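This report refers to the structure that appears directly beneath it.
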Amino acid sequence: MFKYFEVLISIIITSIIGILYPSALSGIIILSLLGILYLAWQYKTKGYQPQSKTYKALEKLKKKREKTNHSKHIHINDQIAYIEEYWGYTKEQEKIIEKFVEKRAYSEIYNKLTASLFPQVITLIDNCNARGQKGCKREVSKRIRVLTDIMKTELKKKKSQNFESFETTLEVYDHLIKEIKY
């Protein structure tokens with residue numbers, strides 16, 4: 001309501017200026033065109049953004065969630081890179097780990113991975129490397145194999161969840177279409 005009032009006031013002021021100073025109208029037109037161009041440029045770069053409080057709160061939560069997910073991703077990558085640098089993976093393990101990180105299948109077991117499994121393997125690798133890899137190579141390789149097996153099962157879970165949610169979405173969509181038809 002207030003915006004309409006502002007528009008009406010600006011039209012009245014422009015009309016009065018046009019009557020009293022006709023030569024000032026060309027300056028007003030130029031300023032108006034520059035303002036419109038600026039608003040169009042701003043809309044194009046930022047896109048449409050609703051100004052409601054709920055939208056802003058949702059955007060804030062979304063950004064916070066993205067930031068948390070990004071930091072989790074970096075943390076997992078750092079631990080995986082450390083193991084790769086100081087020990088190494090087989091080609092098959094590299095493929096599994098790459099898919100695991102790419103699909104971000106670690107969401108359910110993130111805490112277990114970062115607080116328990118990865119640190120234990122890293123400590124074991126550090127201890128083994130300090131001893132010159134004598135008598136512990138098999139143990140480290142075994143634990144890395146178990147870790148990649150866990151990753152493989154999580155990838156399968158993630159794939160089945162995506163498929164199940166897709167099927168559920170299709171069922172809901174089909175049900176809505178049937179309701180609309182009748």
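Basis for what follows: all heavy atoms, side chains included, without hydrogens, waters or symmetry-related copies. Quick caveat, the model's predicted, so the values are computed rather than measured.
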**Q.** Transitive ILVMFWY cluster of Leu33, excluding itself - 4.5 Å side-chain cut-off
**A.** Ile29
Q: Only pairs at least two apart or in different chains count here, so list each salt bridge (Lys or Arg N to Asp or Glu O under 4.0 Å) that has a residue in residues 81-97.
A: Glu92-Lys152
Q: For residues 134-145, pull every pair meeting side chain to side chain donor-acceptor pair (under 3.5 Å), keeping only residues two or more places apart or in separate chains.
A: Glu139-Arg143
Q) With a cutoff of under 4.5 Å between side-chain heavy atoms, which Ile, Leu, Val, Met, Phe, Trp and Tyr residues group with Leu61? A) none
Q: With sequence neighbours excluded, tell me which residues meet salt bridge (Lys or Arg N to Asp or Glu O under 4.0 Å) with Lys157.
A: Glu154
Q) Is there a side-chain contact between Glu59 and Lys62, using heavy atoms and a 4.5 Å cut-off? A) yes
Q. What distance do Leu34 atom CG and Tyr38 atom OH have between them, rounded to the nearest 0.5 Å?
A. 12.5 Å
Q. How far does CG of Leu155 sit from NZ of Lys99, to the nearest 0.5 angstrom?
A. 7.5 Å
Q | Shortest non-hydrogen contact between Thr45 and Gln42, atoms and distance | A | OG1-O, 3.1 Å
Q: Hey, could you give me the OG/CG distance between Ser52 and Leu58, rounded to the nearest 0.5 Å?
A: 8.0 Å
Q. Who pairs with Ile13 by side-chain contact (heavy atoms from CB on, under 4.5 Å), at least two apart in sequence or on another chain?
A. Ile9, Ile17
**Q.** Approximate separation, where rounding is to 0.5 Å, of Ser10 OG and Phe5 CZ
**A.** 11.0 Å
Q: Could you tell me which non-hydrogen atom of Ile125 sits nearest to which non-hydrogen atom of Trp87, and how far apart they are?
A: CD1-CB, 3.6 Å
Q: Taking side chain to side chain donor-acceptor pair (under 3.5 Å) as the test, write out the residues that go with Asp78, two or more places apart.
A: none
Q. Who pairs with Ile36 by side-chain contact (heavy atoms from CB on, under 4.5 Å), at least two apart in sequence or on another chain?
A. none
Q: Carefully, step by step, assess Ile80 and Tyr89 under the rule side-chain contact (heavy atoms from CB on, under 4.5 Å).
A: CA-CA 10 Å; Ile80 289 172; Tyr89 300 112; 3.7 Å; yes
(Q) According to side chain to side chain donor-acceptor pair (under 3.5 Å), does anything in residues 67-76 pair up with another residue at least two apart or in another chain? List the pairs. (A) His73-Asn77, His73-Tyr106
Show me the donor-acceptor pairs, under 3.5 Å and distance only, between side chains in residues 109-118 and residues at least two apart or in other chains.
residue	atom	partner	partner atom	Å
Thr114	OG1	Tyr110	O	2.9

Q | Lys158 atom NZ: more than 12 heavy-atom contacts under 6.0 Å | A | yes
(Q) Who clusters with Ile16? Use side-chain heavy atoms, under 4.5 angstrom, across I, L, V, M, F, W and Y, and order the result by chain and number. (A) Ile12, Leu20, Tyr21
Q) Rounded to the nearest 0.5 Å, how far apart are CD of Gln93 and CE of Met151? A) 9.5 Å
Q. Taking all atoms of both residues into account, what is the closest heavy-atom pair of Val121 and Ile83, and its distance?
A. CG1-CD1, 3.9 Å
(Q) Can you tell me how far apart CD1 (Ile30) and CG (Leu25) are? Round to the nearest 0.5 Å. (A) 11.5 Å
Q: Only counting residues at least two apart or in another chain, list the ones meeting salt bridge (Lys or Arg N to Asp or Glu O under 4.0 Å) with Arg104.
A: none
